[in-house]
Amino acid sequence: MLLDWFFRWREQRQLPHALIPAALWQRVVEDSLTGFYLERQQLDRLRELASLFLLRKAVNGAGGLEVDDYMAAVIAANACLLILELDLDYYDGWVEVIVYPEAFVVTREVRDEMGVVHKKRTILGGEAWSRGPLILSWKDARPDASRHAQGSNVILHEFAHKLDMLDGAADGTPPLHPDMELRNWIDTFTETYDCLRERIEKHRGTSIDPYAAENPAEFFAVVSEEFFAAPAHLHLHHADVYQQLRLFYRQDPLQRLNRPSTK
Ligand SMILES: [Zn+2]
């Protein structure tokens, strides 16, 4: 506890020197944060959190990519948007973000129903390990990535996995706040998830990215992306899921969207 206190005190003292420089921050805001309609105070808080995030984590390039300050700041800002009203401690327990230039190939051993182990190659735009590194492809994560237009954001997606895994299990349920009902969360998420899977099986259209039907962990990560990046869409089709996410993230992106412009 005392060590925690000391660590925080030292960090707060470092912050003014470690703050993401104004010009760089402005670029990050214009390129990757305008779509979230944050108020000035929220942007200031986000800048602080992102700066502290960069003090605590190493953002390293791989596959020949050199991570520059802009890339690190974009990743930190998007990561911290999820925890803007929570706490940076939600990202405790791991230290490294690894960034590849583009989608990367992973080879995993998977056991089929017959018990036979196969090697499976998968191409990923991001990956989050429980208590391990978070991996991103810059081509997919950069603010002008084409997927972003559809309310998709791989940085939000992978960091949502990190929040889900805080209690040790990637099961689509992060540790909820005391004022939330676990029963409500599970009922809401299970019902929507089952319904999504059924629609896909019957080849019907879906309002949520079908990738969410992979498993409950992917469901949580995908709806978290939509909650921030396409809140009106999520609210229109799944107001109950939106409501649970609003309680968990303690943010209301739709309300920000509907606020009269103060500019
Ligand atoms: Zn995922």
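Indexing begins at 1, ligand by ligand and atom by atom, following the structure's order. Heads up: numbering here begins at 1 and tracks the sequence. The model shown is predicted, which means the values in this text are computed figures rather than measured ones.
Both the sub-6.0 Å distance and the 45° axial angle are not jointly satisfied by Arg246 relative to the ring of Phe227.
Tested against Phe219 for a side-chain contact (heavy atoms from CB on, under 4.5 Å), the candidates Asn215, Val223, Val222 yield a single pass: Val223.
The neighbour count for Gln243 CD, taken as heavy atoms of other residues, nucleotides or ligands under 6.0 Å away, is above 12.
With side-chain heavy atoms closer than 4.5 Å counting as contact, directly or through intermediates, the hydrophobic cluster containing Leu124 also holds Ile98, Tyr100, Phe104, Val106, Trp129, Ile135.
Judged by distance alone, the side chains of His157 and Glu218 do bring a donor and an acceptor atom under 3.5 Å apart.
Using the six-membered ring where Trp is involved, Phe228 and Tyr249 have ring planes that are perpendicular, over 60° apart on the 30 and 60° scheme.
Around the Zn ion (ligand 1), the protein contributes the following N, O or S atoms at distances under 2.8 Å: His157 NE2, His161 NE2, Glu218 OE1, Glu218 OE2.
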